[in-house]
Amino acid sequence: MSAVAEGSRRTLAPLGRRRVSVTRRCSYGPYVVIHCHDESAPAPRPGQFYMLASAERWGGGEGERPYLPRALSFLRAPAGTDEVHFFFEDVGPGTARLSELEAGEELWLAGPFGVGFAPPSDGGRALLVGGGVGIAPLAAWQDELGLDADALLGFRDAQHAEGAAVMAAAQLATDDGSAGHHGLVTELLAAELDGGEEATVYACGPPRMLEAVRVMCSERAVPAQLALESGMACGFGACFGCVVATREGYKRLCLDGPVLDAAELLTALTPGAGH
């Protein structure tokens, strides 16, 4: 973990879950953003996450799914408000139910949990590298760091690339070449790192993308922090479902992460995250 004091990277969550209201729902291509009014919790730190479940029709229906809350990084928590925003895609029973929520409906919220990002140790340049829904925690981090934090974002196609609108000006890459660079976002990262200007890399996205970032930064001795994903049922360390191997032993992403220094990791291909 970064030498930066953990207290500056972690906001402690209130005990228990709380019932909050959805104030707005909007879409960016296939992605959904919901705004929630959460007046009882302190401001989260960029990179932390919450556990979400709809207050209605959760744990029922076909196969009784969804039956566990979903762990989601927050997109942003605007200063001076009691709101927290979430960015996700409908890819299963949990996110499908969350994507149906409209203003005025309610959900169960617990968090914020985990440890977030630490600023560059030398106060230098930050490179934010996101893939798909992994851009969510990077948006909050860019808000805090300012426009000097350059963003490199990768998506499947132009429709998914509409999600880039939640961040400030970014370089885009798409798998099919329908928007921005035709290829992988890690190709954009390689070009930036080989340009000579020193930087700290912050990344969140699919495990294979994160592993490519980890290896690339290791080869170039570039500091990097990765926001990882793993199977998670509770969010506060009880279930041990999110354990990942590091050079210092096993760590629970919900307590010691989800943001870890890339140099700590043997691999970013974490079990349960889907490869």
Checking [X] now: which residues fulfil side chain to side chain donor-acceptor pair (under 3.5 Å) with it, not counting sequence neighbours?
| X | answer |
| --- | --- |
| His35 | His85 |
| Glu198 | none |
| Ser21 | none |
| Glu211 | Arg214, Thr267 |

Output yes when a side-chain donor or acceptor of [X] lies under 3.5 Å from a complementary backbone atom of [Y], and no otherwise.
| X | Y | answer |
| --- | --- | --- |
| Ser27 | Gly29 | no |
| Arg25 | Ser99 | yes |
| Thr186 | Leu189 | no |
| Gln48 | Gly114 | yes |
| Gln171 | Leu153 | no |
| Glu229 | Pro207 | no |
| Thr174 | Ala179 | yes |
| Arg247 | Ala263 | yes |
| Arg252 | Gly237 | yes |
| Arg9 | Gly116 | yes |

Test item: [X] and [Y] side chains (from C-beta on) under 4.5 Å apart, heavy atoms:
| X | Y | result |
| --- | --- | --- |
| Pro120 | Arg125 | no |
| Val129 | Met209 | yes |
| Cys36 | Leu107 | yes |
| Leu152 | Leu127 | yes |
| Val84 | Leu109 | yes |
| Glu106 | Val20 | no |
| Phe87 | Ile135 | yes |
| Ser54 | Leu101 | yes |

*If Ile, Leu, Val, Met, Phe, Trp and Tyr residues are connected whenever their side-chain heavy atoms lie under 4.5 Å apart, and connections chain through other members, are Leu184 and Leu193 in the same group?*
no
*Do Val22 and Trp108 belong together in a cluster built from hydrophobic side chains that touch within less than 4.5 Å?*
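Result: no, two separate clusters.
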Could you tell me the separation between the [atom1] atom of [X] and the [atom2] atom of [Y], rounded to the nearest 0.5 Å?
| X | Y | atom1 | atom2 | result |
| --- | --- | --- | --- | --- |
| Thr95 | Leu72 | OG1 | CG | 8.0 Å |
| Leu75 | Phe86 | CG | CZ | 9.5 Å |
| Leu253 | Leu228 | CG | CG | 5.5 Å |
| Cys254 | Met232 | SG | CE | 5.5 Å |
| Arg97 | Leu52 | CZ | CG | 12.5 Å |
| Met216 | Glu192 | CE | CD | 11.5 Å |

*Return yes when atom CZ of Arg24 has more than 12 non-hydrogen atoms of other residues, nucleotides or ligands closer than 6.0 Å, and no otherwise.*
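Count not over threshold, so no.
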*Atom CG of Leu266 with >12 non-hydrogen neighbours under 6.0 angstrom*: yes
*Side chains of Glu83 and Thr23: is there a donor and an acceptor less than 3.5 Å apart?*
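Note: Glu83 and Thr23 side chains meet the donor-acceptor criterion.
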*Test salt bridge (charged side-chain N to carboxylate O under 4.0 Å, His left out) applied to Glu102 - qualifying residues, sequence neighbours left out*: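 Testing Glu102 for salt bridge (charged side-chain N to carboxylate O under 4.0 Å, His left out), a comparison that skips the adjacent residues, returns none.
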_Using the salt bridge (charged side-chain N to carboxylate O under 4.0 Å, His left out) criterion, which residues pair with Arg70? Sequence neighbours excluded._
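With sequence neighbours excluded, Arg70 shows a salt bridge (charged side-chain N to carboxylate O under 4.0 Å, His left out) to no residue whatsoever.
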Closest heavy-atom contact between [X] and [Y]?
| X | Y | value |
| --- | --- | --- |
| Leu210 | Gly205 | CD1-O, 3.5 Å |
| Ala149 | Leu128 | CB-CD1, 4.0 Å |
| Tyr50 | Pro112 | CE2-N, 3.7 Å |
| Gly111 | Pro14 | O-CD, 3.5 Å |
| Pro206 | Gly131 | CD-O, 3.7 Å |
| Leu172 | Ala161 | CD1-CB, 4.4 Å |

*Aromatic rings Phe113 and Phe49: how do their planes relate, parallel, tilted or perpendicular, breaks at 30° and 60°?*
tilted
Per the salt bridge (charged side-chain N to carboxylate O under 4.0 Å, His left out) rule, what does the pair list look like for [range], sequence neighbours excluded?
| range | answer |
| --- | --- |
| residues 132-146 | Arg45-Glu144, Arg76-Asp143 |
| residues 31-42 | Arg18-Asp38 |
| residues 156-179 | none |

_I need the full list of ring-ring contact (aromatic ring centres under 6.0 Å, His included) pairs touching residues 155-192, with sequence neighbours left out, sorted by first then second residue._
Tyr31-His160
*Scan for ring-ring contact (aromatic ring centres under 6.0 Å, His included) pairs involving residues 185-229, sequence neighbours excluded, and state none if there are none.*
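Checked against ring-ring contact (aromatic ring centres under 6.0 Å, His included) - neighbours excluded - the pairs reaching residues 185-229 are Phe117-Tyr202, Trp141-Tyr202.
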_Verdict with reasoning, Val32 to Asp90, per side chain to side chain contact (heavy atoms under 4.5 Å, CB included)_ = CA-CA 8 Å; Val32 175; Asp90 174 3; 5.9 Å; no
_What I want to find out is whether Arg19 reaches Glu56 closely enough, with some N-O distance under 4.0 Å, to be called a salt bridge._
yes
*What residue pairs, at least two apart or across chains, pass side-chain hydrogen bond (donor to acceptor under 3.5 Å, both in side chains) with a residue in residues 128-139?*
none
*Would Val115 and Val259 count as a side chain to side chain contact (heavy atoms under 4.5 Å, CB included) if you check the C-alpha gap in whole Å, the side-chain angles of each, and the deciding distance to 0.1 Å?*
CA-CA 6 Å; Val115 177; Val259 177; 5.6 Å; no
*Yes or no on side chain to side chain contact (heavy atoms under 4.5 Å, CB included) for Met51 and Arg17, after CA distance, side-chain angles and deciding distance?*
CA-CA 9 Å; Met51 302 295 287; Arg17 65 178 186 172; over 6 Å; no
